[in-house]
Amino acid sequence: MYGWLNRQFRRGYERLLRREIGEGPTHVAIIQDGNRRYARKQGEDTPEGHREGADTSEQVLNWCEELSIDELTLYAFSTENFDRPPEEREPLFDIIEAKLYELADNDRVHTNEVSIRAIGEIGRLPERVREAITYAESKTAGYDGFRLNVALAYGGRNELLRAAREVVTAVADGDLDADDVDPDAIEARLYRQPVRDVDLIIRTGGDERTSNFLPWHANGNEAAVYFCAPYWPEFSKIDFLRGIRTYEAREESWQESKIDRAVALASAVGSLELKEASELVSRLRGKLPQAGRRAVAEELEAATPADDDSESPGADATLDPAD
């Protein structure tokens with residue numbers, strides 16, 4: 001009886017969370033932590049925890065499809081994991097290899113046009129894993145319905161360090177001018193890149209740190225972060241929806257802050273020349289939601305009344321939502 005009530009409660013809570021979620025993020029990255037601890041808790045060997053965790057990864061793909069998320073990055077094996085003993089590494093490599101082949105041959109993957117890509121220092125992985133990566137990537141090449149990135153032999157600091165070294169070498173060799181070193185020059189030298197910046201990082205297992213994960217694409221984008229207690233094999237759809245809700249709450253707060261700052265800028269327009277005011281409006285265009293555009297436009301109208309010979313910047317460089 002208790003089990004039935006618990007299932008009913010969870011279904012109801014899941015529906016409530018789903019109703020609370022709007023558009024959601026486009027790119028979610030997950031640190032799948034707690035497989036070993038889960039196995040110990042269950043009295044099982046470590047590989048069994050990884051196997052059950054792999055099943056959770058497949059479920060998350062289904063949830064992303066339901067929520068129209070465009071990209072998912074899973075942190076499957078870090079550069080630090082090479083320090084683990086062979087008796088732990090090798091079964092994990094076996095699981096990764098098998099799951100890559102399984103995904104590449106999955107009908108649903110092809111129906112949904114899922115593009116599978118590995119990111120990280122792929123050359124450090126065993127040959128059998130590299131062959132599985134090649135198989136999965138070749139079988140899903142050209143798809144653009146959904147992007148699945150599997151971070152293998154990945155380390156964020158190593159990624160940035162390698163990119164910096166390549167930039168220095170290119171400048172020293174005369175292949176790149178120092179004045180041309182910009183974000184694009186760095187990004188071109190990163191690991192095989194995700195398509196989009198990361199909007200939300202989820203970490204399971206109770207630890208509250210991002211563990212050197214996607215510093216350029218996540219931290220550089222100031223991604224929202226959701227830490228939760230369940231070990232990765234226990235991670236549920238409710239946990240996933242809570243993470244999405246955390247992202248949306250943060251985004252709503254950010255939008256309000258953007259509007260407040262933009263209105264404050266607009267309130268100072270009264271002391272600016274018309275040309276300067278128009279330039280300010282142009283910089284704000286496209287950076288605010290519709291409500292923010294309206295608020296700034298109203299502030300501009302109030303701060304810069306039109307005289308007989310000129311138009312106000314509100315009329316000359318409108319922030320109308322149709323822009």
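What you see is a predicted model, and the numbers here were worked out from it, not measured in a lab.
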Thinking salt bridges, do Arg128 and Glu90 make one under a 4.0 Å N-O criterion?
yes
Any link between Tyr143 and Ile119 through a network of hydrophobic side chains (Ile, Leu, Val, Met, Phe, Trp, Tyr) touching at under 4.5 Å?
no
Under the side chain to side chain donor-acceptor pair (under 3.5 Å) test, residues paired with Glu66 that sit two or more places apart:
Lys237
Could you go through Tyr154 and Phe77, starting from their C-alpha distance and side-chain angles, then the distance that decides it, and tell me whether this counts as ring-ring contact (aromatic ring centres under 6.0 Å, His included)?
CA-CA 7 Å; Tyr154 180 88; Phe77 192 88; over 10 Å; no
Among residues two or more places apart or on two chains, list those pairs meeting salt bridge (Lys or Arg N to Asp or Glu O under 4.0 Å) that have a residue in residues 23-36.
Asp33-Arg37, Asp33-Arg203, Arg36-Glu88
According to the interplanar angle, ranging from 0 to 90°, do the rings of Phe235 and Trp63 count as parallel (below 30°), tilted (30 to 60°) or perpendicular (above 60°)?
tilted
Please determine, by modelled atom types, if Ser57 and Gln32 share a side-chain donor-acceptor pair under 3.5 angstrom.
yes
Contacts of Tyr38 that satisfy ring-ring contact (aromatic ring centres under 6.0 Å, His included) - sequence neighbours left out
none
Cationic tip of Arg124 within the cone over Phe82's six-membered ring, i.e. under 6.0 Å and within 45° of the normal?
yes
For Arg165, which residues count as a salt bridge (charged side-chain N to carboxylate O under 4.0 Å, His left out) partner, sequence neighbours excluded?
none
Kindly write out the residues that satisfy side chain to side chain donor-acceptor pair (under 3.5 Å) with Arg245, not counting sequence neighbours, or none if the list is empty.
Glu20
Which heavy-atom pair separates Val167 from Ala185 by the least distance, and what is that distance?
CG2-O, 4.2 Å
May I ask you to list the residues sharing a hydrophobic cluster with Tyr135, side-chain cutoff 4.5 Å, ordered by chain and number?
Tyr101
Would Lys41 and Glu234 pass as an ion pair if we require N to O under 4.0 Å?
yes
